[in-house]
2 protein chains.
Amino acid sequence: MAPHLRSSPTPVVGPADDARDPRVRILSAAGQEFAEHGYEAATIRDICAAAGVNVAAVNYYFGDKRRLYIESVKHAHEERLRQVPQPEWATGTPAQEKLHQFIDTMLERMLGAGQPPWQVRLMMREVLQPTEACRELVEDYIRPHFAMLVAILDELTAGMLSQAELRRVGMSIVGQCFVYRAAGDVVSMLVPRDEIESLHTPKPLAQHITRYALAALGLGTPLALPLVRVTKDVIA
Amino acid sequence: MAPHLRSSPTPVVGPADDARDPRVRILSAAGQEFAEHGYEAATIRDICAAAGVNVAAVNYYFGDKRRLYIESVKHAHEERLRQVPQPEWATGTPAQEKLHQFIDTMLERMLGAGQPPWQVRLMMREVLQPTEACRELVEDYIRPHFAMLVAILDELTAGMLSQAELRRVGMSIVGQCFVYRAAGDVVSMLVPRDEIESLHTPKPLAQHITRYALAALGLGTPLALPLVRVTKDVIA
DNA sequence: GCGATGTTCAAACGACTGTTTTAATCGATT
DNA sequence: AATCGATTAAAACAGTCGTTTGAACATCGC
């Protein structure tokens with residue numbers, strides 16, 4: 001009986017990441033091809049060539065291309081979850097520090113060192129043009145992250161903002177990171193090369209976005225101090 | 001001689017938007033198909049069926065699919081430029097008001113009423129995964145807009161920030177708008193439906209992003225007033 | 001040993017793709 | 001009316017796609 005027809009699609013035993021297992025070799029190759037070219041443009045022949053298996057293997061293990069795609073998205077994001085686990089903070093860590101580290105981690109994940117991993121590119125495709133695999137991706141991966149950000153913001157503002165307002169602020173922070181990942185090529189055309197390398201890389205960006213958020217919330221020094229505010233600083 | 005081989009590809013005379021002209025009918029249909037399905041998945045047969053012309057017309061007028069795509073992107077963004085011209089402000093308009101209107105216009109363009117026009121979707125594809133048509137799009141459409149935003153921010157901060165810092169702040173503002181357009185489906189999954197309709201539509205969003213920016217720059221009241229700041233308010 | 005079962009392979013199928021060909025049609029000029 | 005270029009139409013081309021086939025191969029229990 002073909003594996004993709006069995007009751008338990010994923011083998012119950014085994015780590016399922018054995019490089020010699022054709023199934024995971026196909027999943028990995030498929031993920032990279034889908035990430036690079038998209039669903040339509042990626043071909044089963046190329047995927048199988050990259051995985052070193054016969055074209056018939058895809059239908060044997062996954063049934064058809066559509067189900068291979070869905071499985072590869074799930075596989076990619078499970079792998080990514082294992083690669084970069086949620087940071088754990090010691091109790092008593094200042095919320096401001098948590099926020100900074102959260103933004104920094106998000107940017108590092110999205111932009112990474114040099115070329116971002118194909119797993120992120122694949123997930124980005126799902127975000128930009130959702131398919132069947134999207135809902136699962138959101139529930140398992142994106143929603144918990146966003147909830148963590150909202151929790152940090154809640155702690156930061158000590159209950160002064162409603163959950164709705166917190167979500168909106170959270171989306172503002174996510175958006176500032178997101179644009180660099182999704183529209184990175186256009187960003188590179190809008191700002192000079194040296195400026196990109198000095199100001200628009202993860203670390204400086206995390207600092208900027210954090211400072212921008214803290215100042216907007218009234219918890220840090222504004223980016224540009226207007227003259228009227230000087231009086232306050234004198235008093236403080 | 002086939003039109004696409006002639007020296008002047010666009011007819012020198014005529015408005016070129018006559019609905020009876022097969023050339024513009026193809027361009028319009030192609031733009032919508034490309035916007036909906038992407039370059040690879042869109043088929044010449046579907047495009048021609050939508051335009052009401054024979055399949056051979058594409059090769060007759062444009063040579064091949066690739067050149068049709070490039071021309072359709074240019075056509076779409078020229079049409080969009082004509083649809084929503086840059087707002088002109090009277091001299092003496094406060095910079096804060098300009099910023100608010102600029103953000104509002106950008107959001108209205110991106111999100112629009114209901115479904116955004118296919119022209120925007122097509123351009124968004126170029127931003128997310130640039131092809132040959134991208135550079136032209138950036139130079140003619142995006143760069144001038146971004147320069148206008150930076151100019152407003154410069155006026156707002158009265159020279160207190162360097163051009164590099166202004167560009168970074170500008171990118172933060174653009175990112176907050178961009179995420180709603182590019183990742184709108186995921187946003188809809190992260191925030192409750194009623195909250196989307198009340199807080200995440202163009203007008204309220206423009207107000208939020210403007211206020212967020214002004215507060216971050218130190219020109220408006222912070223979103224959350226911390227206790228230490230109360231002293232200032234008492235004094236003021 | 002030997003079937004039985006799970007897996008791999010080369011080859012082919014039918015459908016669809018972008019593109020080209022060839023002939024028919026139209027419109028204006030002489 | 002006849003001619004000639006510009007345009008349209010139907011059909012076919014060569015290639016690639018996802019998918020299927022049927023036989024070969026491997027691996028195991030007995």
Side-chain angles (χ1 to χ4, degrees), chain A residues 1-14 16 18-31 33-34 36-72 131-132, chain B residues 1-14 16 18-31 33-34 36-72 131-132:
Chain A
M1 189 199 264
H4 82 273
L5 291 177
R6 284 202 273 264
S7 54
S8 139
T10 343
V12 187
V13 291
D18 186 357
R20 284 161 301 180
D21 182 359
R23 193 186 148 86
V24 304
R25 283 221 314 276
I26 296 174
L27 277 177
S28 183
E33 288 291 321
F34 285 135
E36 189 71 21
H37 306 104
Y39 179 77
E40 302 284 349
T43 74
I44 291 185
R45 282 174 171 83
D46 286 347
I47 291 170
C48 290
V53 300
N54 191 270
V55 276
V58 162
N59 284 266
Y60 181 73
Y61 283 105
F62 300 95
D64 55 18
K65 187 185 183 182
R66 201 186 102 268
R67 273 174 284 182
L68 168 61
Y69 175 76
I70 295 174
E71 289 297 318
S72 74
T131 69
E132 298 177 58
Chain B
M1 188 202 269
H4 82 271
L5 291 177
R6 284 202 275 263
S7 53
S8 142
T10 342
V12 188
V13 291
D18 187 356
R20 284 162 300 183
D21 182 358
R23 192 186 149 86
V24 304
R25 283 221 315 275
I26 296 174
L27 277 177
S28 182
E33 288 291 320
F34 285 136
E36 188 72 20
H37 307 104
Y39 178 77
E40 303 281 350
T43 73
I44 291 185
R45 279 173 173 82
D46 286 347
I47 291 170
C48 290
V53 300
N54 191 270
V55 276
V58 162
N59 283 266
Y60 181 74
Y61 283 104
F62 300 97
D64 55 18
K65 188 184 182 182
R66 201 186 102 267
R67 271 174 284 182
L68 168 62
Y69 175 76
I70 296 174
E71 289 297 318
S72 73
T131 69
E132 297 177 58

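Here is the naming used below: chain letters follow the sequence lines, and residue numbers restart at 1 for every chain.
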>> Below the 4.0 Å mark, does C:dG6 have OP1 or OP2 next to a side-chain nitrogen or oxygen of A:Tyr60?
In response: no
>> I need the NE2-P distance between A:His37 and D:dT16, as an integer number of Å.
In response: 15 Å
> Choosing from C:dG18, C:dT20, D:dT19, which nucleotide comes nearest the side chain of B:Thr43?
Replying inline: C:dG18
> If only atom types and distance count, is the side chain of A:Asp46 paired as donor or acceptor with the main-chain N or O of A:Ala49 below 3.5 Å?
Replying inline: no
> Roughly, in whole Å, what's the span from CD1 in A:Ile44 to C1' in C:dC9?
Replying inline: 16 Å
> Starting at OH of A:Tyr69 and ending at P of D:dG18, how long is that distance when rounded to a whole Å?
Replying inline: 15 Å
>> For A:Val58, is there any backbone N or O sitting under 3.5 Å from a side-chain donor or acceptor partner on A:Lys65?
In response: no
>> Can you measure B:Arg66 atom CZ to C:dT17 atom C1' for me and round it to whole angstrom units?
In response: 18 Å
>> Quick check: on DNA chain C, is the nucleotide nearest A:Ala57 upstream (toward 5') of the one nearest B:Tyr39, or the reverse? Name the residue that is more 5'.
In response: A:Ala57
> Within this structure, what is the CZ-to-C1' distance between A:Arg45 and C:dA12, rounded to whole angstrom?
Replying inline: 10 Å
>> Rounding to an integer number of Å, can you tell me how far A:Phe62 CZ sits from D:dT19 C1'?
In response: 16 Å
>> What is the separation between atom CG on B:Asn59 and atom P on D:dT8, rounded to the nearest whole Å?
In response: 14 Å
>> Looking only at the side chain of A:Ala56 (C-beta and beyond, no hydrogens), which of the listed nucleotides D:dT8, C:dA10, C:dG18 gets closest?
In response: C:dA10
> Looking across every strand, which nucleic acid part, if any, lies under 4.0 Å from A:Tyr61 by heavy atom: base, sugar-phosphate, or nothing?
Replying inline: sugar-phosphate
> Does a side-chain heavy-atom distance below 4.5 Å link A:His37 with B:Glu40?
Replying inline: no
> For the residue pair A:Tyr39 and A:Phe34, does the interplanar ring angle fall in the parallel (under 30°), tilted (30 to 60°) or perpendicular (over 60°) class?
Replying inline: parallel
> Given the rule in the side chain to side chain contact (heavy atoms under 4.5 Å, CB included) test, do A:Tyr61 and A:Leu27 qualify, once you have shown the distances and angles that lead to the verdict?
Replying inline: CA-CA 10 Å; A:Tyr61 283 105; A:Leu27 277 177; over 6 Å; no
> For A:Arg23 and C:dT7, what is the distance between atoms CZ and C1' respectively, to the nearest whole Å?
Replying inline: 15 Å
> Looking only at side-chain N and O atoms, does A:Asn54 come under 4.0 Å of OP1 or OP2 in C:dA10?
Replying inline: yes
>> Using heavy-atom distances to pick each residue's nearest nucleotide on DNA chain D, tell me which of A:Ala41 and A:Gly63 is more 5'.
In response: A:Ala41
> Picking from C:dA11, D:dA10, D:dG18, which would you name as closest to the side chain of A:Val55?
Replying inline: C:dA11
